[in-house]
Every structure is written in structure tokens, then in C-alpha cells.
J.: 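Structure below; questions to follow.
Order of listing sets the numbers, starting from 1, for every ligand and every atom in it.
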Amino acid sequence: SVYPDHALKASDLVSRAEKALHIAKTNGGNRYELYQPGTVTKTLERILLENELRRSVEAQYFELEYQPKIDLHTKHYIGFEALVRWVHPDLGRIPPDKFIPLAEETKIIIPLGEWILNEACRQLRQWIDEGYPPLQMAVNMSSIQLEDPNVDLVVQAALQRYNIQPQWLEIELTESAFADRKELSETIERIRAIGVSVAIDDFGTGYSTFSYIKELPIDTIKIDRAFVQEIDNNKENQAIVSAIVTLAATAQLQVVAEGIESEHEGEVLRELGCEIGQGYFYSRPVAPEECVILMDEHHQKE
Ligand code: C2E
Ligand code: MG
Ligand code: MG
């Protein structure tokens, strides 16, 4: 299986090579096979699930929950991250980890991602119209969506449709979007040229080295929960976070710590120079009606 045509991640390349191996063996062995997208034998469950996912995009069986990002000094809300949930009439509420990989593989993520982006912008517009200050809305985007060279036009259309200033929107991308593929970084630059900021999500879990931070076309680094967990008594994690904070400062990037689960973790992160945090301690991702209650409690209505 060949990078980058068949997969972007090493683990996916290996599993695709294994599929080719399986075909070589069933065809008698002692031969070579190249992975062929589409010729993979799909299980019945898989076909049913894929059809169900496709149907659900048309029927709009999806909802967005929002998790606040907070200023670790003032404890004020500075934004929300939109997180998608598949709400299926028979199967119930399905978390993104269970269907985003399938949506990516089948490219269903392209129409689904467009719906997510528009819904997040629509929601932000509604809150602004209700008198809440324009907090920044972060939307996760898959690298499959970035492969569409017109994705910047999709972003621009959503901003215009709901009269959203570009600086109120942030796009979160994982490291695979930056895996030296020239076309993708050009697309990222076009999104930034609109005035929308770009964050690197789950930072530290991929393969980019720290020194690489300066070269990335980004505005924000989101430090993965793996480094935030028990930061209050893990010296190694403290050293990693402070190295990221220092490098980010020289590159003038914003740093967000993800997955803060206790007050003490938040305090330690703030002392290490991390300004913004997100995590269950402050709030889980919640339905829009609950966001409004949270914003009211924080006296953030103008
Ligand atoms: P992510 O973008 O890194 O989002 C953070 C995940 O960590 C969310 O899980 C969130 O609920 C969870 N989380 C937040 N705070 C804490 C905490 O304090 N402790 C723990 N244990 N977990 C915490 P969720 O909503 O299940 O989403 C998982 C992943 O699915 C996301 O990771 C993102 O990569 C993907 N995803 C979610 N929504 C979308 C979307 O709209 N589009 C795309 N392309 N991907 C999405
Ligand atoms: Mg995210
Ligand atoms: Mg993350």
C-alpha cells in the first residue's frame, strides 16, 4: 500500500497492506498484490452501518454539543468547541470516535463536516442575536475535508450565511493534516487568509517534533490530554508542557490545555504559563440550551 494514496497514517498503511496480503493469499500465494481501494471485502455490518450513516446525513440525525474553553486566570469563557454526536432513532446516541473514522473512509465526512460547520455558525449567530458576546467557536475538521481544494469556499460561505466575523471561528486540525503534504498546507493557508484561525489538536500525540512548531501554519496549539492528566504530580508532563509553552511563546502561538479534570491541574497549568484550558472540571460538552445557562451563570450576557 502506498503513501499518501491509500492512507496517511502508518497504522492504516499497514492494515491496508495486510488486506492486499490477504488477497494475494486467497489467490494462491507466491505473488504480489497492491492494495486496491474499493475492492476490500466489506462485512455485512459494515455495509449496513455505512448506509445508515449516509442516510443519517440526509435526515440530519446529528447534534452538536459544545464544550467551553476558559481563561485560566479570570475563569471567563472565551469560546466553545463544537463536538458532533450521531443521534440515531434506533441505535441511540453514538460518540464521534465510533463513526468519524468510517465517515472519513467513506468520505461521508465531507457533507457531514459541511453540516457541522454551518450548524456551529448558525448557533453562534443565534447566541449573538440573543445578546451574548461573540465567543470564539472552534470546529474540528478532518484532513479528508481539507483534500477538497474548495473547502475554504465552504468556510467562507458559512461565515457569510450567518454573518459571522472570521476571527470568531477557529478550525481544529490534527497533526495528520500537516504531514508534509503541500496541497493540504496550501489549503490551510487559504483558510487562514480568510481570517479564520487554525489550531493543531491533540498536540504531542503525532509525529511532529517540537521544533517543528515554528514552521506550522497555525495560530493555536492544543496540548493533548495525555500530557495534562495528573500534571500536578507528574514531573515529566510538567517539563513537556513548559517546553511547549516556551516554544509557543517564541512563535507567538496561543496554547490551550485539553482534558483538565481537577482544579489543581488547572492551577499547575496556569503556573506553567498556559493561559487557556478546557476539560470536564470546568464543563463537559453540553447541549446548546445548557450553554446558555452556563453563560448566564458566568454573567457573560451584555
Ligand atoms: P477532540 O477534538 O480532541 O475533542 C476532545 C475530546 O475529549 C471530546 O471527546 C471531549 O468530550 C473529550 N474531553 C473533554 N474534556 C475532557 C476531560 O476532562 N476528560 C476526558 N477524559 N475527556 C475530555 P468527543 O466529543 O468524544 O470527541 C472525540 C474526538 O472526535 C474529538 O477529539 C475529535 O477528534 C473528533 N470529533 C468530534 N467532533 C467532531 C467533528 O465535528 N468533526 C470531526 N472531524 N471530528 C470530530
Ligand atoms: Mg478538537
Ligand atoms: Mg483534542
J.: Could you see which bit of R284 sits under 4.0 Å from ligand 1, with heavy atoms only: side chain, backbone, both or neither?
T.: neither
J.: Less than 4.0 Å is my threshold; does some heavy atom of E81 fall inside it relative to ligand 1?
T.: yes
J.: Would you confirm whether any non-hydrogen atom of the protein falls under 4.0 Å from atom 6 (C) of ligand 1?
T.: no
J.: Between E105 and R16, is the closest basic N to carboxylate O distance under 4.0 Å?
T.: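 Counted as a salt bridge, because a side-chain N and a carboxylate O are separated by less than 4.0 Å.
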J.: For D201, take its heavy atoms, then give the atoms of ligand 1 lying under 4.0 Å from any of them.
T.: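 The list of qualifying atoms is 1 (P), 2 (O), 3 (O).
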J.: Counting each atom of ligand 1 from 1 as listed, which ones have a heavy atom of Q67 under 4.0 Å away?
T.: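 Once the distances to Q67 are compared, the set is 14 (C), 15 (N).
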J.: Can H264 and D232 be said to form a side chain to side chain donor-acceptor pair (under 3.5 Å), step by step?
T.: CA-CA 7 Å; H264 197 212; D232 35 354; 3.1 Å; yes
J.: Is the closest N or O pair between G279 and ligand 1 shorter than 3.5 Å?
T.: no
J.: Which of these, P96, P95, A82, has its nearest heavy atom closest to atom 24 (P) of ligand 1?
T.: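 Of the listed residues, P96 has the closest heavy atom.
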J.: Step by step, would you call K222 with Q278 a side chain to side chain donor-acceptor pair (under 3.5 Å)?
T.: CA-CA 10 Å; K222 295 192 79 179; Q278 201 181 3; 2.8 Å; yes
J.: Which of the atoms in ligand 1, numbered in the order shown and given with their element, are less than 4.0 Å from a heavy-atom of D97?
T.: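 So the atoms of ligand 1 that pass are 28 (C), 29 (C), 30 (O).
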J.: Who's closest to atom 8 (C) of ligand 1 heavy-atom-wise, of V139, L83, L173?
T.: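 Of the listed residues, L83 has the closest heavy atom.
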J.: Under 4.0 Å between a Lys/Arg side-chain N and an Asp/Glu carboxylate O for K19 and E33?
T.: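 No, this pair does not count.
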J.: Are R54 and E50 within salt-bridge range, i.e. N to O under 4.0 Å?
T.: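 Answer for the salt bridge query: yes.
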J.: Assess whether atom CG of N30 is packed by more than 12 heavy atoms of other residues, nucleotides or ligands within 6.0 Å.
T.: no
J.: Return the minimal non-hydrogen interatomic distance between F227 and T205, and the atom names on each side.
T.: CE1-N, 4.5 Å
J.: Using a strict cut-off of 4.0 Å, indicate which atoms of ligand 1 neighbour a heavy atom of V84.
T.: 38 (N), 39 (C), 40 (C), 41 (O)
J.: Hey, which atoms in ligand 1 end up nearer than 4.0 Å to a heavy atom of E261?
T.: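 Heavy-atom distances to E261 below 4.0 Å select 17 (C), 18 (O), 19 (N), 20 (C), 21 (N).
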J.: Charged N to carboxylate O below 4.0 Å: is that the case for K69 and E172?
T.: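 Salt bridge between K69 and E172, a charged N being under 4.0 Å from a carboxylate O: yes.
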J.: Going by heavy atoms, is K222 under 4.0 Å from ligand 1?
T.: no
J.: Could you please spell out the steps behind the ring pair (Phe, Tyr, Trp, His ring centres under 6.0 Å) verdict for Y66 and W127?
T.: CA-CA 13 Å; Y66 300 89; W127 286 335; 5.3 Å; yes
J.: Can you tell me how the ring of F99 sits relative to the ring of F62, calling it parallel under 30°, perpendicular over 60° and tilted otherwise?
T.: tilted
J.: Minimum heavy-atom separation for L159 and C121, please, with both atom names.
T.: CD2-SG, 4.5 Å
J.: Under a 4.0 Å threshold between the charged nitrogen and the carboxylate oxygen, would E119 count as salt-bridged to R122?
T.: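 Yes, R122 and E119 are salt-bridged.
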J.: Can you sort out which atoms of ligand 1 are near P285, meaning under 4.0 Å from one of its heavy atoms?
T.: 11 (O)
J.: Would you tell me whether D129 and Y162 have side-chain atoms, one donor and one acceptor, within less than 3.5 Å of each other?
T.: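 D129 vs Y162: no donor-acceptor pair found between side chains.
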J.: For ligand 1, which atoms sit closer than 4.0 Å to a heavy atom of S142?
T.: 44 (N)
J.: Using a strict cut-off of 2.8 Å, how many protein N/O/S atoms surround the Mg ion (ligand 2)?
T.: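 My tally for this metal is 4.
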J.: What atoms of ligand 1 come within less than 4.0 Å of a heavy atom belonging to I260?
T.: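 Ligand 1 atoms under the 4.0 Å threshold to I260: 18 (O).
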